[in-house]
Asks: 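Take this structure first; my questions come after.
Only this structure's heavy atoms are used, side chains among them; waters, hydrogens and symmetry mates stay out. One-based numbering, in listed order, for ligands and for the atoms of each.
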Amino acid sequence: MRTIFWDYDASAIALIEQTLLPDEFKIIRCKTIEELADAIKRLAVRGAPALEAAGAYGIALAAHQDFKDVEKMKSYLKKASEFLASTRPTAVNLFYGIERVLNVALKGNTIEEIKKLALEEAEKIADEDVNRNKLMGSFGAKLLEDGDTILTYCNTGRLATVDWGTALGVIRSAIEEGKNIKVIACETRPLNQGSRLTVWELIQDKIDVTLITDSMAGIVMQRGMVDKVIVGADRIVRDAVFNKIGTYTIAILAKEHGIPFFVAAPKTTFDWGKDMGDVIIEERSRDELIWCNIKCKKTLIAPKDVKVYNPAFDATPLKYVTALVTDKGVIFPPYDENVPRTLKI
Ligand code: MRU
């Protein structure tokens, strides 16, 4: 089942409500762009490639509201694209999905044509995501050997994409090829995408997974329990990989222990015209750090009035990255030459 899809009966975006996992599996439907924006901000839908599809379907959803006038419709679509783009600042895929569908939709001449063009383009983006993940998986699987134990971070699986996954997709593909692969999943504080989502996905697929806290990454490497690290990305710029907060720490630990550190991401995650300093790192609510469960806010795990700093992502300089696994192939350093050549950007 796809993480996000268009519900043709309801003219709505259907998505897996990820904040409830692993307690409850539920599909929610967004009928307005306001509902979708809320789902994105709450991380009901999350992960860079899933956000690309969410942005794309978001413009299709905007086009499915009631209109009587083509010019008013087009101006609403432009406003909707700015509104949806303002939900989360770091993953570049969100902007890519929105812009691509908006540009196609604006070429329509009638209300019906615009609706059709927008939805067709969004569906194309969702299908492309699944196909490119499988491609990335087959390229990346060559880096993993039979018997490897792979440490991963955050959630880069089906739930972070339309299906299959990026870094987790590489692991899935290697296993599908018959390799015996074990996974160590970091819990990924503060929102626990690792323990809640990655572990849930891997257990469903009967893949051998061991959960550790983020602070245990050092000991498992020091004790020789990790052969390789593979993570995803929210944006890759000329000098760094932006990914879930804590990725940078893992990359340095991997370097110190001589463990290969791979990053898997599609071409649409690259923003090669930019540098580390150009990217906004999302800062999230203090509630994520002070409550044991932010959904019910019953048990404090820190004094309520403590000062909090809660950046959701960090930047790992490319010098720590052994190879970039993309849907166009595996890219090794020097990245300043090989990334533009392989990705044609
Ligand atoms: O805040 P999130 O859960 O959207 O962050 C997601 C990540 O950082 C993932 O590791 C990244 O998007 C790669 S997903 C294929």
Asks: Mind checking whether P334 and N338 have side chains closer than 4.5 Å, heavy atoms only?
Replies: yes
Asks: What distance separates E288 CD from N310 CG, expressed to the nearest 0.5 Å?
Replies: 5.0 Å
Asks: Quick check on A312 - does any of its heavy atoms sit under 4.0 Å from an atom of ligand 1?
Replies: no
Asks: Ignoring angles and geometry beyond distance, decide whether D234 reaches within less than 3.5 Å of ligand 1 through its nitrogen or oxygen atoms.
Replies: yes
Asks: Hey, what's the ring geometry for Y8 with W6, parallel, tilted or perpendicular (30° and 60° as the breaks)?
Replies: perpendicular
Asks: NZ of K72: more than 12 outside heavy atoms within 6.0 angstrom?
Replies: no
Asks: Ion pair present between E52 and R132, side-chain N to carboxylate O less than 4.0 angstrom?
Replies: yes
Asks: Going by heavy-atom distance to atom 6 (C) of ligand 1, choose the closest among Q18, R284, R46.
Replies: R46
Asks: In plain terms, say whether K115 and E113 are close enough for a salt bridge, that is, a side-chain N and a carboxylate O under 4.0 Å apart.
Replies: no
Asks: Enumerate the atoms of ligand 1 whose separation from the nearest heavy atom of R88 is less than 4.0 angstrom.
Replies: 1 (O), 2 (P), 4 (O)
Asks: Check Y153 against ligand 1 and report side chain, backbone, both or neither, counting heavy atoms closer than 4.0 Å.
Replies: neither
Asks: Ion pair present between R172 and E201, side-chain N to carboxylate O less than 4.0 angstrom?
Replies: yes
Asks: Mark up the atoms of ligand 1 that fall under 4.0 Å of a heavy atom belonging to C154, in ascending order.
Replies: 6 (C), 7 (C), 8 (O), 9 (C), 10 (O)
Asks: Going by the atom numbers of ligand 1, which of them fall below 4.0 Å from some non-hydrogen atom of K244?
Replies: 1 (O), 2 (P), 5 (O), 8 (O)
Asks: Applying the side-chain contact (heavy atoms from CB on, under 4.5 Å) criterion to R158, which one of L197, V130, D205 satisfies it?
Replies: D205
Asks: Hey, which atoms in ligand 1 end up nearer than 4.0 Å to a heavy atom of Q193?
Replies: 1 (O), 2 (P), 3 (O)
Asks: Short list, please: which atoms of ligand 1 are under 4.0 Å from a heavy atom of N243?
Replies: 7 (C), 8 (O), 9 (C), 10 (O), 11 (C), 13 (C)
Asks: Report the C-alpha distance between D234 and V92 in whole Å, list the side-chain angles of each, state the deciding distance to 0.1 Å, and finish with yes or no for side-chain contact (heavy atoms from CB on, under 4.5 Å).
Replies: CA-CA 7 Å; D234 291 83; V92 72; over 6 Å; no
Asks: Please confirm whether A160 comes within less than 3.5 Å of ligand 1 when only nitrogen or oxygen atoms on both sides are compared.
Replies: no
Asks: Is P49 near ligand 1, meaning one of its heavy atoms is under 4.0 Å from it?
Replies: yes
Asks: What protein heavy atom sits nearest atom 15 (C) of ligand 1, and how far away is it?
Replies: T166 OG1, 3.0 Å
Asks: Does any N or O atom in G47 lie less than 3.5 angstrom from one in ligand 1, N or O only?
Replies: yes
